[in-house]
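Numbers restart at 1 for each chain; the letters A, B, ... are given by sequence-line order, proteins then strands.
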Amino acid sequence: MTLLGTFCLWVAFLLGTWGTIASFSGAWRDRPDLALAIRRSVHAIFACLLVAALALWKGLAAHDFNIEYVWAYTSRNLPGYYVFSAFWAGQKGSLLFWAFVLSIFASLAQVLTARRHAALLPYVAGVTSATTAFFVAVMLFAASPFERLPFTPADGRGLNPQLQNVFMTIHPPMLYLGYISITIPFAFAVAALLTGKLDTGWLHAIRKWTLTSWMFLSVGITLGMWWAYVELGWGGFWAWDPVENASFLPWCTMTAFLHSVMIQEKRGMLRRWNVGLVVGTFLLSIFGTFITRSGVIASVHSFTQSNVGYFFLAFLVIAGTLAFTLLYTRWPRLTPEVELESMVSREAAFLFNNLVFVGIAFSVLWGTLFPILSEAVRGTKITVGPPFFNRVNVPLGLLLLALTGIGPLIAWRKASVANLQRQFTLPLATGLVLLAALLAGGMRDGWALVSFTLIGFVFGTLAQEYWRGTAARMRMHGEAVPVAFGRLIARNRRRYGGYLVHLGILIYFVGFTGQAFVVQQEATLKPGESVTVKSPYGHVYRFTHVGISQFEQLNRVVSAATLQVQRDGVPDGVITSEKRQHFTVDATTGEKTASFSPSTEVGIRSSVREDVYVVFAGSVGGTEEATYRININPLIGWVWIGGIVLVIGGFVTLWPGDGSTPAERRQQAGYRVELAGAGAGAA
Amino acid sequence: MSGTGLPRTRRALLAQLGLAGAAAVGARRLLAQQAGAPAAPADTARARLGGEGELGTLSDPTSAGAPSTRVTHKDNDPLIRELELRLKCPCPCGLDIYTCRTTDFTCSYSPEAHREIVAMWDDGKTAQQITDAFIARYGERALMAPKPAGFNLAGYLVPGIVLTLAAGTLVWVLSRRQQLAAASAPAGRTPAAPGPSAEPPPMQATPEELARLERALKDADA
């Protein structure tokens, strides 16, 4: 299978190289057969990489430990679904996964794109082929997943215990899907620049792709936060690690693009900016890959250091140079159709929203790279960790939150004072009422108060938007509230689905703000001993240590420490946290050998108000006397709820069609035509 | 459930067999654990503790992670915690001392660093003196965020400066363009204002265009 896999990689590489050269040489312009061949080569690359991927999966499933990758990331006693997910657990496998998924997206782009954009497709094929060929080249020349060992070990090393979590089977592929699918909008942007078809056509072609890509990134990032929270045991979900930052950067620029593209579609503005954002997003996704795989920046997420970083750096420089040079040459053809009419308009609000998104991306990038810069300038190594990022980004995040509420309230083109008064009264009142309630409730944390006030303001905005739309439908169609509300969203999915996404973001912020009130306590307890912890809400939790039990489970020895919980004197069940020592078993002797260090499984009791988060830190002197770290994490569950709402909103926005009837579409189009010479109008 | 207690379906039979098997395995493990456990001194294993339980010895202490030490009230001191959150663990994990010692229980550096901090705190040293001691030993990277001084100021200020400059430039460029657009507008034509007057003038469509539009509308209705 390794021979077949390697052969397929070579064929895919050669096809990708040929497709790239044939596409960009432009020879296909006079030869429709060549244009068709270029497009078909994309499907052939997909077929090759599918076979290569199946070859690796076959090796994993068959425990062929002669394949270095299979030996390094699996073992005989690894549960089946982790054997499957080991495909992307390591550097080499994830490169193949990347190339394989990119080939799927490239094929889909060729198949699903409307015929009216056919002129762009050979160039799109060229860009996707070049990118796929690059990833295949990295495998062929630096990190082949089909590399064989000189001998066949009896068993593999096993999978890192921290990756043996159900969310780790989903989180990396989701993130990869986000990163990878960014290539398609980038390919269309390059195609539009090359063909000079710079109207909104290419934007329509990529709309679903950008939303899909953004959804995958959002889900991937949220699942990563969830995994960090339940698996790493430090009680938080975001540590501003360079690799986390690398996933956040393209998310910021992609989100900016999703807003600014509306301005181009509605008003013909920001044409250069939008191309720049798509190019920048693609480059940031490659930059993230470079950071993860080069070892240039220390990160807990990094793959083993290898020379693939140089490949990514070279690709980043070449792709960036070519794309921005192309953009520069087309600069004069990207002039806006109209100018901004007023600084108090929705366009202006979107512009500032874009500015803040890009500003956040810049500040995160700057903080991530600053240690390298400092070392280069001063020769001194420094650390740039959470205190830095929180100090710089919390104000920017709150500014963004404010703009989330302001944007939908301002009219397009130019807002009047009366319009502003009418729109802002309820949202501002909501925010201020919440502020007063929190102050009366005794909250004194300044940042938290600002955040909750803005949350109230944005909630007021969203509620007002939904209510006004629903009320309008009720008046016009005589519908009941639920029907009118449902149809409001269904008939204008892009707008009201977008507001659902805003609601999701708002809920995220509730969870983020709750982190200002985390309570942490450590305790060593003998069986029967108790410790009390007071939650920020004033509840008194009493934790009584029951004992530690040890048992074998699947491929590990589990040491489970259990606490009995009382809240305000009322029994509230038990919480168990575990230490897991994974092992491999010698196939011939049956001897068990510990693999990796013991990992921690956190005990979590979740509610909407707060999480009780218990970590079994270890036993004292090999007895049942246990050391625990206990966290009370207020509102953290809102982060996961926000993720779910955001995904629902994204799906509503992505759903095919706009939900309107033909008559409504005509009305929305706002045709206003007069017959030449007749003076008749049709509206 | 039948009166005899026998399973009536194949699924119920399998479930009961599974439960019986699990119980048998569990009992065997328990016996093996008791048999294999090292004999604990009577004064520790059987000593009644302040609580209600009995201090048992684990059958496999190495599987329960690194040996833990007893927590003291200093470990929960919020000032020490705040200080440790600002200092980086000397190990390559990239975490601060507090997070590392309460998360990565295999790290030997962070517990040691914690003990040093507690010892210095007990000696009456201030947070700044403790921080300086760590910087003197490990260099500036001992801090989780660089001091906002000298070149490091750039780290803190550049994002804000760039954003402010970008916002200022944006406002200036847009204002200038608005002025230019207003100045170049034909005489008698004012810039668009909100409301009905702001609507674009009606387009003059040719019969061919109208026919095309009609066809498009019919297609849309279909």
Side-chain angles (χ1 to χ4, degrees), chain A residues 232-234 298-300 339-341 343 351 355 359 362-363 366 370 374 377-378 380-388 392 411 413-414 416 521-524 526-529 547-548 550-551 557 559 579 581 597-598 617-620 622-625 627 629 662 665-666 672-676, chain B residues 29 49-61 63-68 70-71 75-76 86 88 92-94 99 102-103 105-106 139-141 143-146 151 155 158-159 162-163 166-167 170 174 177-178 181 191-194 198 202-207 210 213 217 220-221:
Chain A
L232 295 183
W234 58 283
S299 161
V300 288
E339 295 293 346
L340 188 77
E341 289 177 27
M343 296 301 287
L351 268 178
L355 191 66
F362 173 75
S363 70
W366 176 254
F370 195 69
S374 174
V377 173
R378 299 167 58 216
T380 310
K381 287 189 173 175
I382 60 163
T383 308
V384 176
F388 171 90
V392 174
R413 299 180 71 174
K414 187 176 183 179
S416 64
Q521 187 154 336
E522 292 176 82
T524 302
K526 292 170 182 167
E529 286 185 335
I548 303 173
Q550 292 192 302
F551 52 91
V557 175
S559 305
K579 281 270 182 271
Q581 176 61 65
S597 303
S619 84
V620 178
T623 67
E624 283 198 82
E625 186 175 9
T627 300
R629 199 189 80 221
R665 280 201 292 276
R666 267 165 50 183
R672 189 157 180 272
V673 182
E674 280 187 7
L675 283 171
Chain B
R29 274 198 198 123
L49 304 170
E52 298 163 7
E54 194 171 5
L55 189 60
T57 307
L58 301 182
S59 63
D60 184 4
S63 295
S68 172
R70 289 190 177 87
V71 171
D75 298 325
N76 284 315
R86 295 207 303 265
K88 185 177 172 296
C93 66
T99 307
T102 57
T103 303
F105 304 107
T106 60
E140 272 187 62
R141 64 182 153 174
L143 297 172
M144 283 304 289
F151 178 76
V158 163
V162 168
L163 195 63
L170 186 67
L174 294 175
R177 282 187 181 176
Q178 274 178 260
M203 289 186 294
Q204 298 298 314
T206 63
L210 275 176
L213 179 62
L217 291 174
D221 284 336

Colleague: How long is the gap from CG on A:Leu355 to CG on B:Leu163, to the nearest 0.5 Å?
Modeller: 5.0 Å

Colleague: Using a distance-only test with no angle check, is there a side-chain donor-acceptor pair under 3.5 angstrom linking A:Gln550 and B:Ser59?
Modeller: yes

Colleague: When rounded to the nearest 0.5 angstrom, what distance separates CG in A:Leu340 from CG in B:Leu170?
Modeller: 8.5 Å

Colleague: Among A:Ser619, A:Pro386, A:Gly385, which has the most heavy-atom pairs under 4.5 Å with chain B?
Modeller: A:Ser619

Colleague: Who among B:Ala64, B:Gly65, B:Ala166 has the most heavy-atom pairs with chain A under 4.5 Å?
Modeller: B:Ala64

Colleague: Please classify the contact between A:Ala617 and chain B as side chain, backbone, both or neither, with a heavy-atom cut-off of under 4.5 Å.
Modeller: both

Colleague: CD/A:Gln521 to CG/B:Asp75 distance, rounded to the nearest 0.5 angstrom?
Modeller: 11.0 Å

Colleague: What part of A:Val392 is in contact with chain B, defined as an atom under 4.5 angstrom from a non-hydrogen atom: side chain, backbone, both or neither?
Modeller: side chain

Colleague: Relative to chain B, which of A:Gly547, A:Gly233, A:Gly359 shows the most heavy atom pairs under 4.5 Å?
Modeller: A:Gly233

Colleague: Checking A:Trp234 against chain B: side chain, backbone, both or neither under 4.5 Å from a heavy atom?
Modeller: both

Colleague: Taking side chain to side chain contact (heavy atoms under 4.5 Å, CB included) as the definition, give me every residue that meets it alongside A:Thr383, ordered by chain and number, with sequence neighbours left out.
Modeller: B:Lys88, B:Arg141, B:Met144

Colleague: Given the options B:Val158, B:Leu143, B:Thr99, which has more heavy-atom pairs under 4.5 Å with chain A than any of the others?
Modeller: B:Val158

Colleague: Identify which part of B:Ser63 has an atom lying under 4.5 Å from any heavy atom of chain A, answering side chain, backbone, both or neither.
Modeller: both

Colleague: Just give me the residue among A:Ile382, A:Thr380, A:Leu351 that pairs up with chain B most often, heavy atom to heavy atom, under 4.5 Å.
Modeller: A:Ile382

Colleague: Might you point out which heavy atoms bring B:Pro159 and A:Phe362 nearest each other, and give the distance in Å?
Modeller: CA-CE2, 3.9 Å

Colleague: Contact part of A:Ser374 toward chain B, heavy-atom cut-off under 4.5 Å: side chain, backbone, both or neither?
Modeller: both

Colleague: Go through A:Glu625, A:Lys381, A:Glu522 and name the one with the most non-hydrogen pairs under 4.5 angstrom from chain B.
Modeller: A:Glu522

Colleague: Can you tell me which portion of A:Val377 sits under 4.5 Å from chain B's heavy atoms? Options are side chain, backbone, both or neither.
Modeller: side chain

Colleague: Please give me the minimum heavy-atom distance between A:Gly622 and B:Pro61, naming the atom from each residue.
Modeller: CA-CB, 3.8 Å

Colleague: List for me each residue that meets side-chain hydrogen bond (donor to acceptor under 3.5 Å, both in side chains) alongside B:Ser68, sequence neighbours excluded, and say none if there are none.
Modeller: A:Thr627

